[in-house]
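Sequence lines set the chain letters: A, B, ... in the order given, protein chains first and strands last, and positions in each chain run from 1. Nothing here was measured: the structure is a model prediction, and the numbers come from that model.
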2 protein chains.
Amino acid sequence: MKLRYYDLAAADPDVRLSPFCWRIRFALAHKELEAEAICWRFTDKEAIAFSGQGKVPVLQDGETVVSDSWDIALHLERAYPDRPTLFPDGSGIAHARFVKNWLETTVQFPILQLVLPELFDSLHEQDKAYFRESREARFGCRLEDAALPAEKALPRIRAALQPLRLTLADQPFLAGDQPGLADFIAVAPFYWAAAVSSTALLEADDPVRAWVHCLHDRYPHAREGCRFKNAQPG
Amino acid sequence: MKLRYYDLAAADPDVRLSPFCWRIRFALAHKELEAEAICWRFTDKEAIAFSGQGKVPVLQDGETVVSDSWDIALHLERAYPDRPTLFPDGSGIAHARFVKNWLETTVQFPILQLVLPELFDSLHEQDKAYFRESREARFGCRLEDAALPAEKALPRIRAALQPLRLTLADQPFLAGDQPGLADFIAVAPFYWAAAVSSTALLEADDPVRAWVHCLHDRYPHAREGCRFKNAQPG
């Protein structure tokens, strides 16, 4: 049976909004696995109730159900060991986990602050109240007060990316000589941003941008059927 | 022939000041290699002129001379493959490199800002003018203006350590199940700080502090003959 996963969509079902789902899109493309991406919205809780929780991505692999992007990646690696590895030499699980924690605590929030108004506008009407309420509780302020204009958000995003930028001066991918889960975790927010915003996150000559474009060219399957405001993420 | 390395000292030769040398102390202890740490000061440029540059650590391994803590670690791994590895499963060179770039761009500077007055006071008289001039050129301001009081520096240090803290919730070491170079790079600044300052960098219940203490207990050889203002780094 073909793999299936639930993927967060905007009002436009071809606009895919979750950085966590983007990780899985890249991981599946890297492992050369065919999978059906099922359009899902924040308030479609019943559709994924079978997973025992309420967030995407959720993967169905035959009888096996896995939620959480980290656990899904580990499942794909274990279940398909003959496919290209998500953990190439030099970059094991410990590396991908640290990159995940680094990205989620430093890079992801200023990107969200930048795209927040456009992200909110892109949502299906049924999701807007849920998104506002859950995010305002998390941020401790109104969405409008959490958002940052580009002239404030971009310097924060670019500064936060400095460890990645320095690493790419010495090796082509975050995972080393070959791309791996560490790369897919780090590239995912660029796709999330590009889905709803035409703002370029990086300067034209930023090596991080060259790395995004390299992954973009390498994994066309990851974005198949998806629509973007910025056709060149980064 | 025994390994020898040049190690930055304060006026008190038992106070060792370089976070880069502390990486090598831990790497040598982990690989169970005996080495002589030669007391060196910033202005002893002639003593290490044979290395073709002017900074420590410099390692002499028989006829081989290696400078730069990163290259020294890679040399030790290559030259002593039968000793415990610096790159255990899950944490290869790509991981250690990213941790290095993360640490140097986020954690190391606020620690320096915290300990700067005590660090400067600890220096040998012959080094003070050199240190002031080189660091003021690098920071673009006077040492006194780069320094931060504890109430400003500590929250920055603790926030910067969040990716490490989250990672330690899922695995005992940054390198995974076993410690590796990634851990030694990240623990080094705690020893640099403890050499000159009695200020605790972390809250008593911080998991990062438990990790520092675990490495402290595991590698007594790394600190052999060294004197500290804070006998419990962290």
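Each of R209(A), R158(A), R165(A) was scored for a salt bridge (Lys or Arg N to Asp or Glu O under 4.0 Å) with E203(A), with one residue passing: R158(A). When the options Y191(B), W211(B), F228(B) are evaluated for a ring pair (Phe, Tyr, Trp, His ring centres under 6.0 Å) with H216(B), the one that passes is Y191(B).
Of the inter-residue distances, the one linking Y6(B) atom OH with L59(B) atom CG reads 10.5 Å to the nearest 0.5 angstrom.
Residues of residues 82-100 of chain B lying within less than 4.5 angstrom of chain A, judged on heavy atoms, are G90(B), S91(B), G92(B), I93(B), A94(B), H95(B), R97(B), F98(B), V99(B) in numerical order. Near-neighbour residues of residues 101-110 of chain B relative to chain A, defined by a heavy atom under 4.5 Å from a heavy atom of that chain, comprise N101(B), W102(B), T105(B).
The two atoms that bring A175(A) and D183(A) nearest to each other are N-OD2, 3.0 Å, heavy atoms only. Residue C21(A) comes nearest to V56(A) through the heavy atom pair SG-CG2, 3.7 Å, listed as atom of the first residue, atom of the second, then distance. Of all heavy-atom pairs spanning P220(A) and D217(A), the tightest one is CD-O, 3.5 Å. Here the closest non-hydrogen pair linking S67(A) and D71(A) is O-CB, 3.5 Å.
Classified by interplanar angle (parallel below 30°, tilted 30° to 60°, perpendicular above 60°), the ring pair F42(A)/W40(A) is perpendicular. Between H75(A) and Y80(A), the ring planes are perpendicular. Angles over 60° get that label, and only those under 30° would be called parallel.
Both the backbone and the side chain of D170(B) have a heavy atom closer than 4.5 Å to some heavy atom of chain A.
Within the 4.5 Å cutoff, the side chain of D68(B) has no heavy atoms near those of the F20(B) side chain.
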